[in-house]
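The structure displayed is predicted, hence computed values, not measured ones. Throughout, protein chains are lettered first and strands after them, A, B, ... in sequence-line order, and every chain is numbered starting at 1.
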2 protein chains.
Amino acid sequence: MRMSELSTATGVAVPTLKFYLREQLLHAGERTSPNQAQYDASHVERVRLVRALLEVGGLSVAQAARVVGALDSDLPLSSVFGVAQRAVSIPAALASADDEATDAEPAPTAGQTRIAALCESRGWRVYPNNPGLPLAARVLDTYAALGLGHISDTVLDRYAQAADLVAAADLASVAAVDELTEMTRTVAAGTVLGDTLLAGLRRIAQEAESFRRFPLPDGAPAPGTSLLDEQDC
Amino acid sequence: MRMSELSTATGVAVPTLKFYLREQLLHAGERTSPNQAQYDASHVERVRLVRALLEVGGLSVAQAARVVGALDSDLPLSSVFGVAQRAVSIPAALASADDEATDAEPAPTAGQTRIAALCESRGWRVYPNNPGLPLAARVLDTYAALGLGHISDTVLDRYAQAADLVAAADLASVAAVDELTEMTRTVAAGTVLGDTLLAGLRRIAQEAESFRRFPLPDGAPAPGTSLLDEQDC
DNA sequence: ATGAGCAGATAGTAGCACTATCGATAGTGC
DNA sequence: GCACTATCGATAGTGCTACTATCTGCTCAT
């Protein structure tokens, strides 16, 4: 398979594929001569994975490169999990925004303290460099700084319960895979795409719950039950 | 309060504040003369909200502008919810990537069908333009296209259960607010920041669950229970 | 042997989130 | 009154990211 065929097979333009090769998103093809190379099914599935990470997962090219790099070097599964997690960190700005004072360990913020307590109460044992820790703590601190009432313990615990639920499902679905290389791909894709799936479902559940709690005042347009039995008017 | 004071109060540079004024992220101050204006506490809290949306929520300036625009026009609460939801759509690329064939209604994808069935089984009634619908459907379709086994019904249902849990918590915490304008701000902040919080907690829960399922082979570095009783080495 | 295709390199583009500067004014300390 | 700083609005520039275009040798099928 040559590059133009790889391009038509994946729907990605040839210059973009070259760009991906340069950026280490795509492993090089097998050289047949100094300026010819052969690509195969592994390249097709890699390109598809990369597009999924970029488009659906919202990762930057650099983040995606770290994820696929973890797949190529055959790390233990738990490491792939860690790398995938660390590569994502939803808002890219946060990935590096929390380490400003590296020398003097500052006092923990209120959010950090609460998250630590939450881990304690839930029995969550994790490495201190887990990217979720600053992420969650930052949200709590930000919320408090906004001057609206802070996130209550009961709400936070609901979120934690929900996180436990999906994490158990995530791990169960990984454990169901039998082949190792497919397992790592599942971990990478699942970690990244799971965030998006959960966010999407949350939108739906929010709106549904909103209608249950605050019924529409009058005979306003009632929502349908699905997206299929509708046509846009 | 003048612009430079607003700047020091919020930690945002003056040129950036001007930029926010131009981009409708910040409402204009009260004019005292053709080239003087007074700012007040509402501007401080607005800037803080905007920074939270941009930095923690990961929104683009245009998305944040839509959210704060919804706050300014005093829409009913349910509309604020909708606008905040529609402004986010985690990966910005997806917000407009799903409408390519506007004239001919295409056959629904497998993912759309599954999400519709999920809404049915959960009793979720939502508008067909809920942004979560294409988001979730797209994830399912993408996952299937990757060639790994698709997301099982039990996993999907776990995610839906988790979504229900946090949505109920979200609505409950909104209902607990008494003042209306604060309520809308709570909705906006909660919708956007909730995604990030949930993603962070998911990372933590995943790692904790991973250690439960796949204990470390040997006397490898055992994870601590929190981020507080640790120092980086 | 010739024209299309390829690899690698360099350079260019579009969009985004600011950031810098300018000219004309307005308020502040002395 | 007068220097001096600050402000407004406008325009233009910067740095980064994700591509995209072009050019130069090559190589392979016809």
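- Note on Tyr39(A): a side-chain N or O is less than 4.0 Å away from OP1 or OP2 of dA7(C).
- Taking every side-chain heavy atom of Pro15(B) into account, dT19(C) is the closest of dT19(C), dA7(C), dT20(D).
- The phosphate of dA18(D) (OP1 or OP2) has no side-chain N or O of Thr16(A) nearer than 4.0 angstrom.
- Enclosure of atom CD in Glu30(A) is not indicated, since only 12 or fewer non-hydrogen atoms of other residues, nucleotides or ligands lie within 6.0 angstrom.
- dT21(C) atom P lies 18 Å from atom CZ of Phe19(B), rounded to whole Å.
- Shown here are the side chain to side chain donor-acceptor pair (under 3.5 Å) partners of Glu209(A), two or more places apart in sequence or in another chain: Arg212(A).
- If you measure from atom NZ of Lys18(B) to atom C1' of dC22(C), you get 10 Å, rounded to the nearest angstrom.
- OP1 and OP2 of dA17(C) both lie 4.0 Å or more from every side-chain N or O belonging to Arg51(B).
- A salt bridge between Arg86(A) and Glu207(B) is present, with a side-chain N of the basic residue lying under 4.0 Å from a carboxylate O of the acidic one.
- The residue Ala37(B) sits close only to the backbone: its heavy atoms come under 4.0 Å of sugar-phosphate atoms, none of a base.
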Every protein N/O lying under 3.5 Å from an N/O of nucleotides 26-30 of chain D:
{"unit_1": "dC26(D)", "atom_1": "O2", "unit_2": "Asn35(A)", "atom_2": "ND2", "d": "2.8"}
{"unit_1": "dT27(D)", "atom_1": "O4'", "unit_2": "Asn35(A)", "atom_2": "OD1", "d": "3.4"}
{"unit_1": "dC28(D)", "atom_1": "OP1", "unit_2": "Ser33(A)", "atom_2": "OG", "d": "3.2"}

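- Comment: Arg158(B) does not engage Asp170(A) in a salt bridge, judged by the lack of any side-chain N to carboxylate O separation of less than 4.0 angstrom.
- In this structure, Met1(A) places its CE atom 16 Å from C1' of dC6(C), rounding to the nearest Å.
- In this structure, Leu21(B) atom CG and dT19(C) atom C1' are separated by 15 Å, rounded to whole Å.
- Following rounding to the nearest Å, Leu26(A) (CG) and dC19(D) (P) show an atom-to-atom distance of 13 Å.
- Checked against side-chain contact (heavy atoms from CB on, under 4.5 Å), Val174(B) has the following partners two or more places apart in sequence or in another chain: Leu77(B), Met183(B), Thr186(B), Val187(B).
- Here side-chain hydrogen bond (donor to acceptor under 3.5 Å, both in side chains) pairs that include residues 6-24 of chain B, with residues two or more places apart or in two chains, are Tyr20(B)-Arg51(B).
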- Item | Paired and unpaired positions of DNA chain C as dot-bracket, Watson-Crick or G-U wobble under 3.5 Å, | denoting a partner strand | ||||||||||||||||||||||||||||||

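- Counting only heavy atoms from C-beta outward, the side chains of Leu156(A) and Leu140(A) approach each other to under 4.5 Å.
- Looking at Asp72(A) and Arg46(A), a side-chain N of the basic residue comes within less than 4.0 Å of a carboxylate O on the acidic one, giving a salt bridge.
- For the pair Leu6(A) CG and dG5(C) C1', the interatomic distance rounds to 15 Å; values are reported in whole Å.
- For Arg48(A), there are no side chain to side chain donor-acceptor pair (under 3.5 Å) partners two or more places apart in sequence or in a different chain.
- Computed from coordinates, the Leu17(A) CG to dA9(C) C1' distance equals 17 Å when rounded to whole Å.
- The separation between Leu54(B) atom CG and dC16(C) atom C1' is 12 Å, rounded to whole Å.
- Regarding contacts with the backbone of dC19(D), a side-chain N or O of Tyr20(A) is found under 4.0 angstrom from either OP1 or OP2.
- Ion pairing of Arg114(A) with Asp141(A) is absent here, as no side-chain N (NZ or NE/NH1/NH2) approaches a carboxylate O to less than 4.0 Å.
- Among the heavy atoms of the strands lying under 4.0 Å from Arg22(B) is at least one base atom, whether or not backbone atoms are also near.
- When distances are taken from the side chain of Val61(B) to each of dC8(D), dC19(D), dC18(C), the shortest belongs to dC18(C).
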